[in-house]
Amino acid sequence: MLTIKYVTEHTEEAIARLAKKHFDGRELLGRVVELNNLRKSTQVELDTASAEMNRLSKEIGLLFKEGKKAEADAAKAKTGELKDKIKVLNDQMTSAEQQITEILLQVPNVPCDAVPEGAGAQDNVVEKMGGSMTDLPENPLPHWELAKKYDLIDFDLGVKITGAGFPVYKGKGAQLQRALINFFLDEARAAGYLEVMPPTVVNAASGYGTGQLPDKEGQMYHCEVDDLYLIPTAEVPVTNIYRDVILEEKSLPIKNCAYTQCFRREAGSYGKDVRGLNRLHEFSKVEIVRIDTPEHSYESLKEMLAHVESLVQKLELPYRILRLCGGDMSFTSAICFDFEVYSEAQKRWLEVSSVSNFESYQANRLKCRYRNADKKIQLCHTLNGSALALPRIVAALLENNQTDKGIRIPAALVPYTKFEWID
RNA sequence: GGAGAGGUGCUCGAGUGGUUGAAGAGGCACGCCUGGAAAGCGUGUAUACCCCUAAAGGGUAUCACGGGUUCGAAUCCCGUCCUCUCCGCCA
């Protein structure tokens, strides 16, 4: 969430920036400013009263020691009123703080200057096109047909075992999954990321830390008996490693990568958009996460974009990079780039990665801070990106590489699959 | 799941109602010493919020978390969470 300091000191700027996300923050932020003034004045009163109380208590202690019981009892009598006052003021403080937090949780991150104006997906800016379209045989098949033809993925079996959106990968289909995961992890390690293998189930505190809770509660599978959530992305457990910590500046940027299964309820999505691998309830993804200083975070973002781009290039997929407009950005990001690969058979672009800088928005909730050269403690910037999510990569690989003699595996992947063709 | 023990600062560890934000030790940082280092000596070493502010200074809160008792709680009581030991179960 946004910091109180930013909201109160740069209220107009925040409102103007939020407008780019088509969020009208005037009323909410105005209330934060009011509540914060109340909070401050209440604290002055409360602190004064508490100080007086502490003084009296010490005095009474001394009187007892000196055996002046009568005087001590007299002093005691004075504390009653003060005690009530402290209670009232304390409740007032807590209430104001809670209300502020409640409001701030509803306010999205402010987009940075580099974010273009726009209402929705149609206004995203194509930053770059790359790769080349492949010549496909006549009447190319969509991946769900190819998956059936070569017996790679069984969607019906998944329905039997679990439900729609939980496919069963078989034979070379399953091997391809492992190959991609290992390929992505090795590439990340070569780029300097430390691999971690976190839990795929997290507690509520972690959900709040990265912003899935409270606003996106319905997106996550919830184990009610234990009050735990299945992660929608490795971003959640990995970023939460840095919850409630103070890092040393020289340890930044922290670069982590992780492979996990990801679980998303995707309530209310039906139709051809979600056919086959296009949108699943469970999928594999390798995620990269960075914790950085505010001064360096945009440099980090660039490096992450370059890393993700190198992956789609090595997989020889036609791709494009989109700079998301204000209206299409997520709640928590300050800037976001999407990578899409072209699915020749479906005649559409598929999003395979999303690389974002959250600036201090997540870090504020996480209380992820660092000590700078002047020993001052500041919020870190957090960033993450998919590198990459498997299903749509698999969809694009199958569709774009289909030939009359089978599906060709890109050279970079062969050392991992140990086969060159799916036939 | 059953029984017991326990959760104190960067770490270890003392502390069972009254200058304890917290002894002591270690670690770390800086200074002195040294040709350089070690040893030694000295100093410093939490976070948040608020007041005041040029700087300095000051106040409040925090000893897992939340609540209660009390003039006063790290210390007593209740609840929650977590860790450890033993038993049970188990890939």
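Residue numbering restarts at 1 for every chain, and letters A, B, ... go by the order of the sequence lines. In what follows, every heavy atom counts, from backbone to side chain, and hydrogens, waters and symmetry copies are set aside.
Under the side chain to side chain contact (heavy atoms under 4.5 Å, CB included) criterion, A:Asp84 pairs with no residue, sequence neighbours left out. Residues passing the salt bridge (charged side-chain N to carboxylate O under 4.0 Å, His left out) test with A:Arg369: none are found, sequence neighbours excluded. Considering only residues two or more places apart in sequence or on other chains, A:Asn90 meets the side chain to side chain contact (heavy atoms under 4.5 Å, CB included) condition with A:Leu46, A:Thr94. Every side chain to side chain contact (heavy atoms under 4.5 Å, CB included) that A:Lys5 has, sequence neighbours left out, goes to A:Thr3, A:Glu9. Scanning for side-chain hydrogen bond (donor to acceptor under 3.5 Å, both in side chains) contacts around A:Asn401 gives an empty result, with sequence neighbours left out. For A:Glu12, the side chain to side chain contact (heavy atoms under 4.5 Å, CB included) test picks out A:Ile15, A:Arg26, with sequence neighbours left out.
Closest approach to the A:Met53 side chain among B:G72, B:U47, B:A61 is made by B:G72 (side chain taken as heavy atoms from C-beta onward).
Under 3.5 Å, the side chains of A:Tyr221 and A:Gln219 contain no donor-acceptor pair of N or O atoms. In this structure, a donor-acceptor pair under 3.5 Å is present between the side chains of A:Asn256 and A:Tyr242. A:Thr48 and A:Glu52 share no side-chain donor-acceptor pair at under 3.5 Å. Looking only at atom types and distance, the side chain of A:Gln346 has a donor-acceptor partner in the side chain of A:Asn278 under 3.5 Å away.
Listed by residue number, A:Ile246 are the residues of residues 237-254 of chain A with a heavy-atom contact under 4.0 Å to RNA chain B.
Using the Watson-Crick or G-U wobble rule with both distances under 3.5 Å, B:A91 pairs with nothing in any strand shown. The partner of B:A46, taking Watson-Crick or G-U wobble pairs whose two distances both stay under 3.5 Å, is B:U62. Searching all strands for a Watson-Crick or G-U wobble partner of B:U85 with both distances below 3.5 Å returns B:A3. Base pairing annotation: B:G17 forms no Watson-Crick or G-U wobble pair, as no partner gives both donor-acceptor distances under 3.5 Å. Base pairing of B:A37 is not made with any nucleotide, judged by Watson-Crick or G-U wobble geometry with both donor-acceptor distances under 3.5 Å. B:U70: no Watson-Crick or G-U partner with both key distances under 3.5 Å is found in any strand. In this entry B:A56 has no Watson-Crick or G-U wobble partner, no candidate having both defining distances under 3.5 Å. Across all strands shown, B:C12 is found opposite B:G24 as a Watson-Crick or G-U wobble partner, with both distances under 3.5 Å.
Within 4.0 Å of A:Arg369, counting heavy atoms only, lie sugar-phosphate atoms of the nucleic acid but no base atom. Among the heavy atoms of the strands lying under 4.0 Å from A:Ile377 are primed sugar atoms or P, OP1, OP2 only; no base atom is included. Using a 4.0 Å heavy-atom cutoff across all strands shown, A:Asp73 reaches no nucleic acid atom at all. A:Ala75 comes within contact range of no nucleotide atom at all, as no heavy-atom separation falls under 4.0 Å.
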Between protein and nucleic acid, restricted to nucleotides 50-53 of chain B and to nitrogen or oxygen atoms under 3.5 Å apart, what atom pairs and distances do you find?
| unit_1 | atom_1 | unit_2 | atom_2 | d |
| --- | --- | --- | --- | --- |
| B:C50 | OP1 | A:Arg39 | NH2 | 3.0 |
| B:C50 | O4' | A:Gln43 | OE1 | 3.1 |
| B:C50 | O4' | A:Gln43 | NE2 | 3.4 |

Check the interface with nucleotides 62-70 of chain B: list each N/O to N/O pair with the protein under 3.5 Å, or write none.
none

N/O contacts under 3.5 Å, protein versus nucleotides 16-22 of chain B?
| unit_1 | atom_1 | unit_2 | atom_2 | d |
| --- | --- | --- | --- | --- |
| B:G18 | N2 | A:Ser57 | O | 2.9 |

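Straight-line distance from the CG atom of A:Asp84 to the P atom of B:C71: 12 Å, rounded to whole Å. Rounded to whole Å, atom C1' of B:A61 lies 14 Å from atom CG of A:Leu89. Put simply, CG on A:Asn203 is 18 Å from P on B:U80, counting in whole angstrom units. As rounded to whole Å, 14 Å separates atom P of B:C28 from atom NZ of A:Lys375. In this structure, the CD atom of A:Glu81 is 15 Å from the P atom of B:C71, given to the nearest Å.
Between B:U47 and A:Arg371, a contact under 4.0 Å exists linking OP1 or OP2 to a side-chain N or O. Close to B:G72, at under 4.0 Å from its OP1 or OP2, lies no side-chain N or O of A:Asn54.
Residue pairs meeting the salt bridge (Lys or Arg N to Asp or Glu O under 4.0 Å) criterion with at least one partner in residues 224-248 of chain A, sequence neighbours excluded, are A:Glu248-A:Arg371. For residues 201-212 of chain A, no residue pair satisfies the salt bridge (Lys or Arg N to Asp or Glu O under 4.0 Å) rule, not counting sequence neighbours.
Nucleotides B:C65 and B:C81 place their P atoms 16 Å apart, quoted to the nearest Å. Distance check on atom P: B:U19 versus B:A74 gives 10 Å, rounded to whole Å. As rounded to the nearest Å, B:C51 and B:A56 have C1' atoms that lie 14 Å from one another. Atom P of B:G2 sits at a distance of 15 Å from the matching atom of B:G79, rounded to the whole Å. Nucleotides B:U8 and B:A14 are separated by 10 Å at their C1' atoms, to the nearest Å.
A:Lys148 has no carboxylate O lying under 4.0 Å from a charged side-chain N of A:Glu145, or vice versa, which leaves the two without a salt bridge. Using a 4.0 Å cut-off between charged nitrogen and carboxylate oxygen, A:Asp91 and A:Lys87 count as a salt-bridge pair. A salt bridge does not link A:Glu81 with A:Lys85: none of the charged nitrogens is closer than 4.0 Å to a carboxylate oxygen. Using a 4.0 Å cut-off between charged nitrogen and carboxylate oxygen, A:Asp151 and A:Lys172 do not count as a salt-bridge pair.
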